[in-house]
Amino acid sequence: MRKTGKSIKGVRTRVAPSPTGFAHVGTAYVALFNYAFAKKHGGQFILRLEDSDVKRNVPGAEEAIYKGLSWLGLSWDEGPDIGGSYGPYRESEKLEIYQGQAKKLVGEGKAYEDNGAIRFKNPGEEVSWNDLIRGVITFPGEEITDFVIMKSDGYPTYNFAVVVDDIEMKISHVIRGEEHISNTPRQLAIYKALGVVSPQFAHLPTLRNFERKKLSKRRDPVDLRIYQKEGYLPEALVNFLCLLGWSHPEEKEVFSLNEFVTSFDLGRVRKAGPIFDVKKLDWINGVYIRNLDDNTLSDLVGKYLSVSVSEDFLRQVVPLIKERISKLSEAENLLSFFWERPSLQPELFSPHGVSHVASAARALGEISDWILEDVNNKLGELIAEKKFKTGEFYMSLRLALTGKRVTPPINESIVILGQDEVIHRLEEAEKVLVEVGARV
Ligand code: GLU
């Protein structure tokens, strides 16, 4: 492993998404690693919008990027929304700057006009850099031909704008996706032509799905809003992203963003494309959910339910499901029976189902003090007296009261449902089971 523990001065990193749609999880990943590197070295992390490919810009996309990164707690020190000393931070607002630099290159004979566009004259020299993740990468001079830097519409191309921007913004380290490795030789040639020392480069591995294919808009859940909607906690998603291609020096799997910053080291980033394993994300999210205190979790769960329920109710039910959910959206399915009478599926009941629900209705009707202890005792006595099989008996109660086989702890749920409602549902189940029984 390379040793990069020493603090580096003047670190400025950036993430430079194009506002072409929603906030992509890959943008969050790149932002996270840039954020960590900058913060680790006491530097700045900058957000810049590469909006010079005008046809691809989508209204609202900027906002989505701000929202997505803010949700994850990846705050930027300079950006289009908050400004900074090295702006503008939108490419579309600095066309004269690109034009000026391009003209300068033309004047020096390093670029030339071609049908209204400006083309960079490639010197054809071998280009090489020491990638902080991949080591030395070299491209032979013949591979780079002359290329357009300013289009005839007055807009710069990506390879030119990115260099001008990184120079203007005093970016010290360019940390970005590996798909840009092949762009780097052109960019280095421009740095040289402009007489500027280039930043250092580090190319992160491309995130892959289970088929080892690059995550794609069409195939994979890449929009950050999907994760928000499903009830992933931002801290958990960040923790998961940290583990993609990077490992904690003590092999820890669960750690905070601050801890990531402290232990971050580009030398620990692997080259191979990490698999975006949603099962692992679910596991991490479950850990974060269980680490929340009950009141915080209640407030969050409340936001994910389809009905509005009282705070008091949430405080009662949330401890019952805390161990059983891995994302907040799963609460609805476990809790909906509280406000929605179940539709019964008689075929799921055992042959003793009728007798279970009928005797439970009677026994529970006898309770005068509707508390957990009395419900436990009463049902325990009933099971012993009738020689029911405990598991089978409780499955009948689950099915009758909730319509489902998997539920929160049933006696606790019985107490919360209330005596009248429980007896009503048991009697309904009895009726349905008797009817079905008479038909066969
Ligand atoms: N807009 C480019 C991207 O999102 C930025 C590339 C770069 O960081 O140089 O991939």
Side-chain angles (χ1 to χ4, degrees), residues 10-18 30 34 38 44-54 56 78-80 84-114 117-132 137-139 141 143-204:
V11 168
R12 289 173 57 82
T13 64
R14 75 337 184 248
V15 67
S18 299
V30 173
N34 275 282
Q44 280 90 41
F45 167 59
I46 292 128
L47 171 62
R48 167 173 91 218
L49 294 171
E50 298 204 334
D51 61 349
S52 60
D53 194 352
V54 193
R56 298 180 63 222
E78 298 165 29
S85 317
Y86 302 90
Y89 295 89
R90 269 186 209 93
E91 290 183 338
S92 57
E93 291 168 8
K94 48 194 290 194
L95 297 183
E96 310 86 67
I97 298 176
Y98 307 118
Q99 281 152 6
Q101 292 292 340
K103 286 215 178 89
K104 187 173 149 228
L105 289 177
V106 172
E108 292 169 0
K110 295 169 178 167
Y112 55 91
E113 305 217 18
D114 179 12
I118 297 179
R119 211 174 264 278
F120 182 71
K121 196 188 289 171
N122 206 283
E125 290 160 13
E126 180 181 279
V127 179
S128 183
W129 76 96
N130 186 11
D131 196 280
L132 297 177
I137 300 181
T138 306
F139 280 80
E143 274 191 25
I144 317 151
T145 48
D146 292 0
F147 58 93
V148 173
I149 54 176
M150 292 297 292
K151 294 176 274 183
S152 53
D153 63 4
Y155 279 83
T157 57
Y158 157 70
N159 274 318
F160 188 55
V162 73
V163 170
V164 173
D165 291 345
D166 285 339
I167 293 172
E168 292 259 314
M169 293 177 191
K170 297 203 171 8
I171 298 302
S172 64
H173 293 76
V174 170
I175 304 168
R176 63 185 174 194
E178 67 177 303
E179 67 274 18
H180 291 293
I181 290 178
S182 60
N183 288 320
T184 309
R186 286 185 191 80
Q187 294 171 16
L188 284 169
I190 298 172
Y191 278 104
K192 197 164 173 195
L194 291 172
V196 177
V197 177
S198 77
Q200 303 222 54
F201 292 91
H203 287 94
L204 296 168

Decide yes or no for Glu91 and Asp165: does some side-chain heavy atom of the first lie under 4.5 Å from some side-chain heavy atom of the second?
-> yes
So, is the end of the Arg12 side chain (NZ or CZ) under 6.0 Å from the ring centre of Tyr86 and within 45° of the ring's axis?
-> yes
Quick one: do the Asp53 and Tyr155 side chains pair a donor with an acceptor below 3.5 Å?
-> no
Do you see a donor-acceptor pair shorter than 3.5 Å between the side chains of Gln187 and Tyr158?
-> yes
Exercise: do Glu78 and Tyr89 side chains pair donor with acceptor under 3.5 Å | yes
Answer whether the closest heavy-atom distance between the side chains of Leu105 and Leu194 falls below 4.5 Å.
-> yes
Within a reach of under 6.0 Å around NZ of Lys110, are more than 12 heavy atoms found that belong to other residues, nucleotides or ligands?
-> yes
Salt bridge check: are Lys94 and Glu96 linked by an N-O gap of less than 4.0 Å?
-> no
Do Thr145 and Arg186 have side-chain N/O donor and acceptor atoms under 3.5 Å apart?
-> no
According to the interplanar angle, ranging from 0 to 90°, do the rings of Phe139 and Trp129 count as parallel (below 30°), tilted (30 to 60°) or perpendicular (above 60°)?
-> parallel
Result of checking His173, His180, Arg176 against Phe201 for side chain to side chain contact (heavy atoms under 4.5 Å, CB included) = Arg176
Do you know the tightest heavy-atom contact between Ala111 and Ile118?
-> CB-CG2, 3.9 Å
Do Arg48 and Asp166 meet the salt-bridge criterion of a basic N to acidic O distance under 4.0 Å?
-> yes
Residue pair Tyr112 / Asp146, side-chain donor-acceptor N/O under 3.5 Å = yes
